[in-house]
Protein chains: 2
Amino acid sequence: MKKENEPRIKREKSYGWLMQRLNTRLRAALVGELQETGLSLSQFAVMMHVLDRTGQTQSQIGQHFAMPAYAISRAIDGLEEMGLVERKQGASRRAHQIAATQAGEALAPRLYSIVREVNGQELAALTEDEAATFLALLSKVHGGVP
Amino acid sequence: MKKENEPRIKREKSYGWLMQRLNTRLRAALVGELQETGLSLSQFAVMMHVLDRTGQTQSQIGQHFAMPAYAISRAIDGLEEMGLVERKQGASRRAHQIAATQAGEALAPRLYSIVREVNGQELAALTEDEAATFLALLSKVHGGVP
DNA sequence: ACTCAAATGTTGCAAATGCAAATATTGCGA
DNA sequence: TCGCAATATTTGCATTTGCAACATTTGAGT
């Protein structure tokens, strides 16, 4: 009997592989849902953050997502063109405060709904308890509650 | 007292946000380690898979990572140029079998070591038990063991 | 054996991304 | 107050990515 292509290691249990797969799936699901809104993933992220916390500066938004400044800059370019967001002049003249326009606010329910739906469907394989544990562990890995 | 910028929702506990952050961190860590090898992330992924299971076709590799065919095609273009991998003719004349060259095999220890190190450091915040639970849950979310 | 749809890979071109340099503004310290 | 380093954002350009069309090979049905 011939020794069939046996993997040296069960890579499917490795953190890296699992993250890669889950992230790919998450992104695909989000992109699908966002299709109708015309938002890209980064625009969506920024939009959510602006809806959550109005008036933050671009660099603050960037830190929140660990995204580079230029990505925020460009995401907001797009959101501004779509009339969903505006760069306001705050105390500082270099640090723009980003706020949702009325059209942007109007989009909020849809976006919140997408988040709920996608998060829910991605975690559908878990029981409620498991999901709670899972999120707690994700948070701990991230460096949240020790 | 003024109501300070209060977020409407604790987004930091949302699956989406956590995945975004953790994936960003993971990728950054890997890219850092891979610097010296000259491999891109997708080249690294493909290389690992080829080392794990030699002779797989490109589409099989693609499925394993949920990566599009063209990405595999291009990753292998690069790996071939670096002399780490070769496209072999198998039973079928369209489906190439990908195998590591000797130089590719020689790279294995380094790559395995990078995987161990990065996976370890990413999960460093967890105890061993927690890490086991975490990986099991990731796997379940992915659709592994039900 | 023949035809045609499906499977496998590759590639041209457009769009997104990343890097590094440029610009503008602020604020610290001499 | 002046000079200069730090902060905040933008942008030009090169690289990477993604889409969609293409080419090739296989296999199933007739």
Checklist line | Residues that Gln60(B) engages under side-chain hydrogen bond (donor to acceptor under 3.5 Å, both in side chains), provided they are two or more places apart | finding: Thr57(B)
Check: Ala100(B) and Val50(B): which non-hydrogen atoms are nearest, and at how many Å?
Finding: N-CG1, 3.5 Å
Checklist line | Under the side-chain contact (heavy atoms from CB on, under 4.5 Å) test, residues paired with Ala103(B) that sit two or more places apart | finding: Leu84(B), Thr101(B)
Check: Can you give the first and last nucleotides of DNA chain C, 5' to 3', that have an atom under 4.0 Å from a heavy atom of chain B?
Finding: dA6(C) to dC13(C)
Heteroatom pairs (N/O) under 3.5 angstrom, protein to nucleotides 7-10 of chain D:
| residue | atom | partner | partner atom | Å |
| --- | --- | --- | --- | --- |
| dT7(D) | O2 | Arg94(A) | NH1 | 2.3 |
| dT9(D) | OP1 | Gln58(A) | N | 3.2 |
| dT9(D) | OP1 | His96(A) | N | 3.1 |
| dT9(D) | OP2 | Ser59(A) | N | 2.6 |
| dT10(D) | OP1 | Arg87(A) | NE | 2.8 |
| dT10(D) | OP1 | Arg87(A) | NH2 | 3.1 |
| dT10(D) | OP2 | Gln58(A) | OE1 | 3.1 |
| dT10(D) | OP2 | Gln58(A) | NE2 | 2.7 |
| dT10(D) | OP2 | Ser73(A) | OG | 2.5 |
| dT10(D) | OP2 | Arg87(A) | NH2 | 3.0 |
| dT10(D) | O5' | Ser73(A) | OG | 3.4 |

Item checked: For Gln89(B), side-chain contact (heavy atoms from CB on, under 4.5 Å) partners two or more places apart -> Arg93(B), His96(B)
Checklist line | Residue pairs, two or more places apart or on separate chains, that pass ring-ring contact (aromatic ring centres under 6.0 Å, His included) and touch residues 20-58 of chain B | finding: His49(B)-His64(B), His49(B)-Phe65(B)
Next item on the list: Check Leu135(A) against Leu18(B) and note the closest heavy-atom contact, atom names and distance.
Entry: O-CD1, 4.0 Å
Checklist line | Set of side-chain hydrogen bond (donor to acceptor under 3.5 Å, both in side chains) partners for Glu80(A), sequence neighbours left out | finding: Arg87(A)
Margin query: I'd like to check the side-chain contact (heavy atoms from CB on, under 4.5 Å) partners of Arg116(A); sequence neighbours left out, ordered by chain and number.
Written below: Tyr112(A), Ser113(A)
Margin query: Going by salt bridge (charged side-chain N to carboxylate O under 4.0 Å, His left out), name the residues that satisfy it together with Glu86(B), two or more places apart in sequence or in a different chain.
Written below: none
Check: Taking five pairs at each end, how big is the angle between the two axes of the helix from dA1(C)-dT30(D) to dA30(C)-dT1(D), to 10°?
Finding: 20°
Note to self: Let's see if you get this right: which residues in residues 26-46 of chain B place a heavy atom under 4.0 Å from DNA chain C?
What the structure shows: none
Next item on the list: Output every pair passing salt bridge (Lys or Arg N to Asp or Glu O under 4.0 Å) with a member in residues 24-39 of chain A, not counting sequence neighbours, ordered by first then second residue.
Entry: Arg25(A)-Glu122(A), Glu36(A)-Arg110(A)
Check: Using the ring of each side chain (for Trp, its six-membered ring), is His142(A) parallel, tilted or perpendicular to Trp17(B), with breaks at 30° and 60°?
Finding: perpendicular
Margin query: Is there a side-chain contact between Phe134(A) and Thr133(B) in this structure, where contact means two heavy atoms from C-beta onward sitting under 4.5 Å apart?
Written below: no
